[in-house]
2 protein chains.
Amino acid sequence: MRAKRACIELFERQCRDSGVPLTVQRRAILQTLLDLGNHPTADHVHQAVVAVVPAISRTTVYRTLETLVHMGVITKLCHPGSAVRYDARIELHHHLVCLRCDQVIDFSDPNLDALRIPDTSSVGFQVADFRVQLRGLCRRCRRMEAKT
Amino acid sequence: MRAKRACIELFERQCRDSGVPLTVQRRAILQTLLDLGNHPTADHVHQAVVAVVPAISRTTVYRTLETLVHMGVITKLCHPGSAVRYDARIELHHHLVCLRCDQVIDFSDPNLDALRIPDTSSVGFQVADFRVQLRGLCRRCRRMEAKT
DNA sequence: TTAAGTGCAAAAGCTTTGCGGGTAG
DNA sequence: CTACCCGCAAAGCTTTTGCACTTAA
C-alpha cells in the first residue's frame, strides 16, 4: 500500500517541524497501527507492537496514540463500544456500523464523498471534514436474525 | 416536545407486544433520558433518575439502557470518548463532533437528510439508517486555539 | 545538556456478572 | 404461579497518574 509510507513521512516531517522527539516506540506504534489495518483498540496495538519492541509498556501505547491523534496523523474512531478505537486511515472514507454487534467496517463511495458540507456558522462550529455512518446489520448478525 | 410522548408510547406498545415487563424503573429511566436531552452517559442518567426513584441501582440503569437500545427505543451514540453515551432522539439527525474536546452536538439539516444511501450489498450489509458526522472544532476549542 | 519520553505500579473510571429476593403478567 | 427483573457486592476491563530513570536533539 502506498499510503502507509506517506503516513510515516507525514509523521516524521511533523516531528521535525514541531520539535517532537522521534522515538523508537513512536515509530513502532505507528507502523503497527498501519499494518493492523482495521480499527484496533489501544490494547490490540500493544499486543501487536510487543512483537517488535518487547519492553514497550501499555502506558506508552496509550500516550503515543493520543499524541498521534493530536498531530493529525491518525484519528480516533467514533465507535459505540466501550474501548476507544483508532484509525490509521485519514483519507476520506465512511463506515458501516452494525447495530447488533457494534462492529465498524470501512466503506468508500464517491457519491458519499461528494456531500456538500452545510453551513454550521450559526453554532460557531468550524468543519474540517466529515464521515457518513451507515447503520444497520452486518452479514453475520443478519443471518443470526434470520434463524430466530 | 411532542416526540417524548410518542417515544414513551412506542416503548409501552413494544413491551406489551413482546411480553417485556413494564417496570417502574424502566419507565423512570426512559423518562429521565428524554428529559435530559443531550447525550448522557449511563452514570449521568443514574444521577438524574435517583431523584425520582431513590433506591434505583447503577446496575439497573446500565441494564435497562441496553434493553432500550435492543428494543429500538433509543440508540447508542457513536462517540470518541471513553464512556458510552445514549441518545433518546431516534429521528434522523446528525452530529458535530469536536476533534479537540470530543463533544458531540446535535445538528439537523434537510440537505444532509436527503442523502442517497449507496448500495452495500457487496459486503452483505443491510442499511437501516444513517448519520453524518461533521468533524472539526467547536466554538470554545476554536477560541482556545486562537489564543495560542 | 536538557526538555521530553518511557516504564512501572498503583489508582481511578466504566461496565458486567452472580446471586438471593422481589414483582409484573 | 413463574419467568423475568432488581439491588448488592465484587470482579473485570480500560485508561490515567505520579515518579524515577532514560533518551533524542
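All values reported here derive from a predicted model rather than from experimental measurement. In what follows, every chain begins at residue 1, and chains take the letters A, B, ... in the order their sequences are listed.
In this structure, the CZ atom of B/Arg27 is 11 Å from the C1' atom of C/dA24, given to the nearest Å. The nearest whole Å value for the distance from the CD1 atom in B/Ile29 to the P atom in D/dC6 is 7 Å. Put simply, CD on A/Glu66 is 9 Å from P on D/dT15, counting in whole angstrom units. Nucleotide C/dT6 holds its P atom 13 Å from the NE2 atom of A/His46, rounded to whole Å. Rounded to whole Å, the distance from NE2 on A/His70 to P on C/dA4 is 15 Å. For the pair B/His44 NE2 and C/dG13 C1', the computed distance is 12 Å after rounding to whole Å. Atom CG in B/Asp43 sits roughly 11 Å away from atom P in C/dG13 (whole-Å rounding). Atom CG of A/Asp17 and atom P of D/dA25 are 13 Å apart (whole Å).
Among B/Asp109, B/Asp87, B/Val132, the single residue meeting the side-chain contact (heavy atoms from CB on, under 4.5 Å) criterion with B/His93 is B/Asp87.
Using a 3.5 Å distance cut-off with no hydrogens or angles, the side chains of B/His79 and B/Asp102 do not pair a donor with an acceptor.
Taking only side-chain nitrogens and oxygens, A/Gln25 comes nearer than 4.0 Å to OP1 or OP2 of C/dG7. An OP1 or OP2 oxygen of C/dG5 is reached within less than 4.0 angstrom by a side-chain nitrogen or oxygen of A/Arg26. Of the side-chain N and O atoms in B/Thr23, one or more sit less than 4.0 angstrom from OP1 or OP2 of D/dC6. Contact between the side-chain N/O atoms of B/Tyr62 and the OP1/OP2 oxygens of C/dT16 is not found at any separation under 4.0 Å. Contact check, B/Ser57 against D/dC6: no side-chain N or O comes under 4.0 Å of OP1 or OP2.
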**OP:** Report the C-alpha separation of B/Asp43 and B/Thr41 in whole Å, then their side-chain angles, then the decisive distance to 0.1 Å, and conclude whether the side chain to side chain donor-acceptor pair (under 3.5 Å) test is met.
**Re:** CA-CA 5 Å; B/Asp43 204 58; B/Thr41 65; 5.6 Å; no

**OP:** Carefully, step by step, assess B/His94 and B/Asp106 under the rule side chain to side chain donor-acceptor pair (under 3.5 Å).
**Re:** CA-CA 6 Å; B/His94 309 284; B/Asp106 279 341; over 6 Å; no

Subject >> Test side chain to side chain donor-acceptor pair (under 3.5 Å) applied to A/Thr64 and A/Thr67, step by step >> reply: CA-CA 5 Å; A/Thr64 300; A/Thr67 304; 5.5 Å; no

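Checking B/Val53 against B/Gly19, the closest nucleotide of DNA chain D that is more toward the 5' end is the one next to B/Gly19. Across the interface with DNA chain C, nearest-nucleotide mapping of B/Val84 and A/Thr64 shows A/Thr64 to be the residue nearer the 5′ end.
When the nucleotides D/dC5, C/dT15, D/dC6 are ranked by their closest atom to the side chain of B/Thr60, D/dC6 comes out on top.
Judged by distance alone with a 3.5 Å cut-off, a donor-acceptor contact links the side chain of B/Arg63 to the base of D/dG7.
At the heavy-atom level, A/Thr59 lies under 4.0 Å from base atoms of the strands shown.
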